Amino acid sequence: MSFYEKIGVKPLINASETYTNLGGSLMDPRTVQAMQEAGQSFVDLGELLTAVCNKAAELTHNEAAFVTTGAAGGVILSAAACICGADTEKLDQLPHVGEFEKNEIIVFDGAVRNIIPYWKLTGLTGARIVGAEPTVEGLLNAVNEHTAAVFLFPASLYEEDLPKCEEVIPVLKEKGVTVVVDAAAQLPPRSNLWYYTKELGADLAVYSGGKHIQGPQSTGLIVGRKDLIRACRLAASPNARIGRAFKTGKEELAGFITALEIFCTESDEERFTRQDKKLEELQRILLKEIPDLQLDYRTEGRLGTYQPLLLLTLPKGMTAQDCNKYTRAMENPIDIGVYPPEFHMPENIVFINAYNLKEEEVPVVAKALIDFIYQA
Ligand SMILES: *Cc1c(COP(=O)(O)O)cnc(C)c1O
């Protein structure tokens, strides 16, 4: 009997995204094995952290790196680092930052704040969050002597009215402002692991370990400037400071670094082709059954990343919501991609992303879609 059977929870097929609500992604057997092996011995945790973080920096071509519990943990630690630096007296005082000279974090105002709510987490440090008008000028106007950092949350399809990182980061750096990019889901390509820091000049960038990197769901990565990464580590577990509440254990550290190595070793093209084959097979089955089905193939993922995506236009009167409800209620539940309202997509468009889809699940997903279209 499987674990999920024993606990009485039905597993589901993920044809949509690396959503945290569905479990993020699945780990490679090599990653699981590394976690299991790491769990068999005691180790000096500080030594393990150093070794894992050094390797993460090397794999991502960054000056330094810190492995934490998730991109959310990464955002909080980064904010703490920008406010306090490596000053442990200050780090010990968080969230009481009222007297500190740098105690403000700037984020863009606008619709994006409701769509990507992770900016709120910077406030857990005690920092005052300052909204800036979403223009380069607006951002510069918001900067003052109390500014600890500007936090950016890029995702090309969300960014409709926002200036892009490419525009903003060089201008801020010229003014000497610290910039942190939350790029949690901006993978692949793997070059995005160094793009924001090495190419654009951001001071820190943050990624989810449990999404596209396919590490343990409870991991994340911060990369960038050595002194700020050192401050992140001082703020983090095992120290009894703000980051003690998001502790990575030896098993997560082992799993994350193994997953990162696999992610960085596989070329973007190999990864893309692997997903593409599954989508091609899905198209083949769908069109064989319903030849006039409207399918749209894209080489850009939902958030503008490098992954293939299949859009299926449901017959008139059907909605992606209803389709998802139908497939989630099946004997083998499937999560089908539904665009949230902020994408302004027609409500009868379903998206299928093969990132988390197993080969043997492709015919199951095809059949579910066909059944849904025929039952109505
Ligand atoms: C998913 C996500 C997070 C949270 O990441 P975790 O790894 O789950 O902590 C933060 N920021 C953005 C933009 C995300 O997409």
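Remember, predicted model here, so these are calculated numbers, not experimental data. Atoms within each ligand, like the ligands themselves, are counted from 1 in listed order.
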Chemist: So does Arg230 get a backbone contact from the side chain of Lys226, meaning a donor-acceptor N/O pair under 3.5 Å?
Modeler: no
Chemist: Starting at CD of Gln93, measure out to NE2 of His96 and round the result to the nearest 0.5 Å.
Modeler: 8.5 Å
Chemist: Closest non-hydrogen protein atom to atom 11 (N) of ligand 1, residue and atom name please, with distance?
Modeler: Asp182 OD2, 2.5 Å
Chemist: Quick check against the 3.5 Å criterion: does Asn192 have a side-chain atom that pairs as donor or acceptor with the backbone of Gln186?
Modeler: yes
Chemist: For atom 15 (O) of ligand 1, which protein heavy atom lies nearest, and how many Å away is it?
Modeler: Lys211 NZ, 2.9 Å
Chemist: Output the list of atoms in ligand 1 that are nearer than 4.0 Å to some heavy atom of Thr20, sorted by atom number.
Modeler: 8 (O)
Chemist: If you measure every N or O of Ala72 against every N or O of ligand 1, does any of those distances drop under 3.5 Å?
Modeler: yes
Chemist: What protein heavy atom is closest to atom 5 (O) of ligand 1, reported as residue, atom name and distance in Å?
Modeler: Ser208 OG, 3.0 Å
Chemist: I'd like to know if the side chain of Asp28 reaches the main chain of Phe263, judged simply by a donor and an acceptor atom lying under 3.5 Å from each other, with no hydrogens or angles considered.
Modeler: no
Chemist: Within a distance under 4.0 Å of any heavy atom of Gly70, pick out the atoms of ligand 1 and give their elements.
Modeler: 7 (O), 9 (O)
Chemist: Does an N or O anywhere in Gly209 fall below 3.5 Å from an N or O of ligand 1?
Modeler: no
Chemist: Can you check whether Phe153 and Tyr118 have ring centres sitting under 6.0 Å from each other?
Modeler: no
Chemist: Look up atom CD1 in Ile334 and atom CG in Asn324, then write down how far apart they are to the nearest 0.5 Å.
Modeler: 10.0 Å
Chemist: Are any of the N/O atoms on Tyr118, whether in the backbone or the side chain, positioned under 3.5 angstrom from an N/O atom of ligand 1?
Modeler: no
